[in-house]
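Only one structure is covered here, and it is reproduced in the block below.
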Amino acid sequence: MNQKTMARQLAVIHDIERPNIDDIVKEIFTDFMELHGDRLYGEDHAMCAGIARLNGTPVTIIGQRKGHTTEQNIAANFGMAHPEGYRKALRLAKQAEKFHRPIICFVDTAGAFCGVGAEERGQGEAIARNLYEFMGLKVPVISVVTGEGGSGGALGIAVANEVYMMQNAIYSVISPRGCASILWKDASRELDAAQALHITADDLLQFGMIEGIIKEGMTQAAYFKNIKATLVTSLKRLSAMSEQELQTQRYEKFRKIGVFYENT
């Protein structure tokens with residue numbers, strides 16, 4: 001992908017009119033009830049979590065929230081969750097396991113919030129705990145990267161049996177700008193970094209890190225329709241698996257990532 005195309009894709013995912021989790025929940029699910037708080041510290045508006053129905057099937061929904069206005073984004077901390085957001089996500093995941101509800105996660109964050117307060121309240125531990133606990137969940141877990149999939153902040157709700165990406169989404173260990181700042185001490189080289197990181201849906205499908213790419217279509221109606229169709233098909237497939245099969249499949253999916261062979 002050339003720099004011009006990459007620049008256009010980065011602009012697309014940062015478009016303030018791009019559908020967010022509130023839009024997705026409204027258009028795809030029914031009977032949504034948002035639940036709040038981690039029962040330890042407080043509520044984090046950057047992480048949306050609740051229960052709903054997908055074609056009549058009860059599911060738990062977890063996802064990072066971004067807004068369509070500056071005020072909405074400030075209220076949601078631009079989708080960058082605090083430790084309490086990840087702990088709320090884990091609380092809802094454990095609740096879903098208790099009541100045998102599949103879990104559907106929507107990833108859209110530049111990364112977990114790295115402020116002093118977040119670090120003091122255990123940001124790293126909260127994300128690490130999610131990685132550990134999500135790996136062993138006994139219910140189907142599906143994750144969709146809808147915009148930015150940034151670093152551990154994304155992975156904190158992306159340990160799933162099946163991971164999908166919207167065709168214009170990106171998924172990376174670090175933001176292109178952050179990578180450029182570290183490697184070349186020059187944030188303006190973010191396009192060079194983006195190309196080197198191979199962060200596009202096509203790249204990650206080729207690497208075997210995701211199960212599929214969801215076409216976005218020419219209209220928002222098509223966008224929502226394609227997500228719903230993917231979720232319904234995935235959920236039907238995963239629901240036929242036993243608890244042990246779900247755990248084993250999820251573990252093996254992530255265990256093979258990064259494994260390569262080298263001729264010596």
Side-chain angles (χ1 to χ4, degrees), residues 21 24-25 28-29 47-64 86 88-109 127-147 149-167 169-173 201-215 226-259:
I21 188 169
I24 292 171
V25 168
I28 295 177
F29 301 91
M47 189 73 75
C48 175
I51 55 178
R53 294 181 186 273
L54 176 64
N55 276 4
T57 300
V59 297
T60 288
I61 299 171
I62 301 170
Q64 282 112 358
Y86 290 100
K88 175 173 66 173
L90 180 57
R91 179 174 76 83
L92 268 292
K94 285 297 187 179
Q95 182 194 79
E97 183 178 54
K98 178 179 179 180
F99 292 103
H100 309 289
R101 286 194 301 265
I103 301 168
I104 300 175
C105 301
F106 295 98
V107 177
D108 189 11
T109 183
I127 294 174
R129 175 65 60 179
N130 277 23
L131 305 187
Y132 175 81
E133 296 287 357
F134 269 66
M135 188 63 72
L137 289 172
K138 298 177 182 178
V139 294
V141 185
I142 305 168
S143 190
V144 180
V145 183
T146 59
S151 191
L155 197 57
I157 60 169
V159 176
N161 294 97
E162 294 187 355
V163 179
Y164 297 90
M165 289 178 67
M166 303 307 297
Q167 70 181 91
I170 61 173
Y171 196 14
S172 174
V173 68
D202 289 331
D203 288 331
L204 296 173
L205 181 63
Q206 182 179 345
F207 295 151
M209 293 183 65
I210 62 174
E211 276 59 51
I213 300 171
I214 304 176
K215 298 295 183 182
N226 293 343
I227 294 178
K228 185 174 183 179
T230 299
L231 293 178
V232 169
T233 301
S234 176
L235 187 56
K236 181 178 181 180
R237 179 168 50 250
L238 295 175
S239 295
M241 300 171 66
S242 68
E243 293 179 354
Q244 183 61 55
E245 287 172 334
L246 288 169
Q247 291 175 314
T248 300
Q249 183 270 344
R250 194 182 305 127
Y251 174 80
E252 291 179 348
K253 168 183 168 59
F254 283 89
R255 186 67 181 85
K256 70 182 181 181
I257 292 176
V259 174

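Every value quoted in this text rests on a predicted model; they were computed, and no experiment measured them.
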- Test side-chain contact (heavy atoms from CB on, under 4.5 Å) applied to Phe207 - qualifying residues, sequence neighbours left out: His198, Asp203, Leu204, Met209
- Query: Would a 4.5 Å heavy-atom cut-off, applied to side chains only, mark Met165 and Val144 as touching?
  - Reply: no
- Item | Gap between atom CD1 of Ile62 and atom CZ of Phe106 - 0.5 Å precision | 11.0 Å
- Query: Does some side-chain heavy atom of Ile142 sit less than 4.5 Å from a side-chain heavy atom of Ile103?
  - Reply: no
- Query: What residues form a side-chain hydrogen bond (donor to acceptor under 3.5 Å, both in side chains) with Glu245, not counting sequence neighbours?
  - Reply: Ser242
- Item | Side-chain heavy-atom pair Pro102, Val139 within 4.5 angstrom cut-off | no
- Item | Stepwise side-chain contact (heavy atoms from CB on, under 4.5 Å) check, Ile61 with Leu54 | CA-CA 10 Å; Ile61 299 171; Leu54 176 64; over 6 Å; no
- Given Ile28 and Val25, is the side-chain contact (heavy atoms from CB on, under 4.5 Å) satisfied, shown in steps? CA-CA 5 Å; Ile28 295 177; Val25 168; over 6 Å; no
- Item | Verdict with reasoning, Ile213 to Met166, per side-chain contact (heavy atoms from CB on, under 4.5 Å) | CA-CA 6 Å; Ile213 300 171; Met166 303 307 297; over 6 Å; no
- Note on the structure: Residues at least two apart in sequence or cross-chain that pass side-chain hydrogen bond (donor to acceptor under 3.5 Å, both in side chains) with Gln167, listed by chain then number, are none
- Sub-4.5 Å side-chain heavy-atom contact between Val145 and Tyr164: no
- Task: For Lys94, check salt bridge (charged side-chain N to carboxylate O under 4.0 Å, His left out) against everything at least two apart and list the hits.
- Result: Glu97, Glu133
- Message: I'd like to check the side-chain hydrogen bond (donor to acceptor under 3.5 Å, both in side chains) partners of Asp108; sequence neighbours left out, ordered by chain and number.
- Response: Lys66
- Non-neighbouring partners of Ala158 that pass side-chain contact (heavy atoms from CB on, under 4.5 Å), sequence neighbours left out: Val107, Ser143, Leu155, Tyr171
- Side-chain contact, heavy-atom cut-off 4.5 Å: Cys105 with Phe134? yes
- Taking every non-hydrogen atom, the tightest pair across Asn130 and Gly156: ND2-O, 3.2 Å
- Query: What residues, two or more places apart in sequence or in another chain, satisfy side-chain contact (heavy atoms from CB on, under 4.5 Å) together with Arg101?
  - Reply: Ile51, Pro58, Thr60, Gln95, Ala96, Phe99
- Message: Closer than 3.5 angstrom, by distance alone: can the side chain of Asn161 be matched with the main-chain N or O of Val141 as a donor-acceptor pair?
- Response: yes
- What closest approach, in Å, do Arg237 and Met241 show between heavy atoms, and which atom pair accounts for it? O-CG, 3.9 Å
Throw together a table of side-chain donor-acceptor distances under 3.5 angstrom for residues 226-234, partners on residues two or more places apart or in other chains.
unit_1 : atom_1 : unit_2 : atom_2 : d
Asn226 : ND2    : Lys215 : O      : 2.8
Asn226 : ND2    : Ala222 : O      : 3.3
Lys228 : NZ     : Asn55  : OD1    : 3.2
Thr230 : OG1    : Asn226 : O      : 3.0
Thr233 : OG1    : Ala229 : O      : 3.0
Ser234 : OG     : Glu162 : OE1    : 2.6

- Message: Test of understanding: with salt bridge (charged side-chain N to carboxylate O under 4.0 Å, His left out), list the residues that count as partners of Glu243, not counting sequence neighbours.
- Response: none
- Close side-chain approach of Tyr251 and Met135, heavy atoms under 4.5 Å: yes
- Residue set satisfying side-chain hydrogen bond (donor to acceptor under 3.5 Å, both in side chains) with Gln244, at least two apart, ordered chain then number -> Thr248
- From CA spacing to verdict: side-chain contact (heavy atoms from CB on, under 4.5 Å), Leu137, Gln247: CA-CA 7 Å; Leu137 289 172; Gln247 291 175 314; over 6 Å; no
- Item | Neighbour count above 12 (heavy atom, 6.0 Å) for Arg129 CZ | no
- Query: Can you check whether Glu211 reaches Leu205 side chain to side chain, under 4.5 Å on heavy atoms?
  - Reply: no
- Message: Check whether Thr109 reaches the backbone of Gly153 with its side chain - one donor and one acceptor, N or O, closer than 3.5 Å.
- Response: no
- Check whether any side-chain heavy atom of Phe254 sits under 4.5 Å from a side-chain heavy atom of Leu131, and report yes or no. no
